[in-house]
Amino acid sequence: MNNIVKGLEGLEVDDTEICLVDGTAGQLSYRGHLIETLVQRPFVDVVSLVIGDDTEALADELRAAGALTEQDTRLLRNAEASSAHPMHVLMGLTPLLNAGVNVGDGDGTGFERFGDAAAGFRVAAKLPALIAGLLRLRTGKQMIDYPIDEHDFNARFLIQAGTAEPNDLLRRAFDVTQILQIEHSFNAGTFTARVIASTLADVQNSLAGGFAALHGPLHGGADQAALEMADEVGDPTAAASFVDRCLAAGRKIMGMGHREYKVLDPRARFVKDLARDLSSGTEQEATFATLEAIEARFRERMLEKGKSLYANLEFYKGIVYRAAGLPADFFTATFAMARVFGYLAHFMESRVDNRLIRPAARYIGVMP
Ligand code: COA
């Protein structure tokens, strides 16, 4: 009888040149470049590296294609009228956005060199305006015009969200956080996107599928869950008993543990420092202290049990996003705004030598 590997852990299903997650060394690199160096570079530079584009055209193309068309805005207003979670809005609108034509000051449609992934780049370009627009509408505010003169991809989002002053500290913290989230190899969302790509479906299907998996609480949804947990605890002095109660009840501490990293997630280290800087002297200081206290108690309890579980990227990220004025239900959508480029890199890579991904399950039910 074959041995079934539940969750496919450790199984290699394809080759990739995009990203290496070294769980033992606690290192992450995109195309051979360690994230320690990548976080020093502009966001779109790192995107270009991840997608393997050496034209230097991407930043301008994304800027030219980033505004919503009238049709996109109508769709957004309809979606806003529902109470759907921002990730559901993203999943639903991804195939509907006007991805065939460009608007703004561009002189062409752009992205043609990406072949059948081009429409996906047009969707990715619009995500900041879409998410910021949804946020404005949900909070009963007017949408802010697309800041076509702002050259920085993430700064355009912060301006259109209009929730916080995009000062240098916030811009940098937000950029670094987004760079750390562009890509993470064959995680659940990326694998889903690749499975869909392997059916030769449109790139929008692949992106919407990736977003659907990213929304799960055990994947990208842990950011929202971790911060809500800190809010529930409320105070650093209550952290230890909270952790003990959770562990006794078999409830997971969100933002802790990782499939690959058996040492500290290298991204978590950066995000923790940024969260500390951003929260210092603000009303978020207590939330940061509560998270730190949860982390300390969790580590203590895991050491007792001999388990190598540490904070992952999601644990402190909510502090950065909250400093940007984003409500918790918008965290995963903001994550998606960066991860979409990882999905596009995988979509293109998988198309080069496509094979339908279709594993099997052993039937153990009643025989006919
Ligand atoms: N809190 C409490 N216990 C945890 C835990 C957490 N966050 N993460 C793992 N564990 C425990 C498991 O219950 C399991 O215990 P057992 O050996 O007694 O059965 C053990 O540690 C191994 O965990 P497992 O779930 O098998 O690890 P995994 O490598 O398959 O899963 C995650 C990794 C990410 C799914 C898991 O750590 C988790 O659920 N974390 C919280 C969600 C999260 O932060 N997700 C974002 C990931 S970037």
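For ligands, and for the atoms within them, numbers begin at 1 and follow the listed sequence.
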| request: Could you tell me which non-hydrogen atom of A230 sits nearest to which non-hydrogen atom of T287, and how far apart they are? | output: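 Minimum heavy-atom contact is CB-CG2, 4.0 Å.
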
Is there a donor-acceptor contact under 3.5 Å linking the side chains of T332 and Q224?
->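 The criterion, which ignores hydrogens and geometry beyond distance, is not satisfied for Q224 and T332.
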
Those residues that, when tested against S206, pass side chain to side chain contact (heavy atoms under 4.5 Å, CB included) (two or more places apart)
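Per chain and number, S206 pairs via side chain to side chain contact (heavy atoms under 4.5 Å, CB included) with A193, I196, A197, F347.
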
### Query
How many angstroms lie between atom OG1 of T192 and atom CG of L207, to the nearest 0.5 angstrom?
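If I round to the nearest 0.5 Å, the distance is 12.0 Å.
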
Check: In the hydrophobic clustering (ILVMFWY, side-chain contacts below 4.5 Å, transitive), which residues join V5, or is it alone?
Finding: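 Answer for V5: L8, L11, V13, F186, F191, V195, I357.
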
Next item on the list: Tell me the residues surrounding ligand 1, counting only those with a heavy atom closer than 4.0 angstrom, sorted by chain and number.
Entry: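 Lining ligand 1: L218, H219, A222, L247, K252, I253, M254, G255, M256, G257, H258, R259, K262, F298, K307, L309, N312, E314.
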
Quick one: list whatever passes ring-ring contact (aromatic ring centres under 6.0 Å, His included) with F330, sequence neighbours left out.
->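 Partners of F330 by the ring-ring contact (aromatic ring centres under 6.0 Å, His included) criterion come out as none, since no residue qualifies.
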
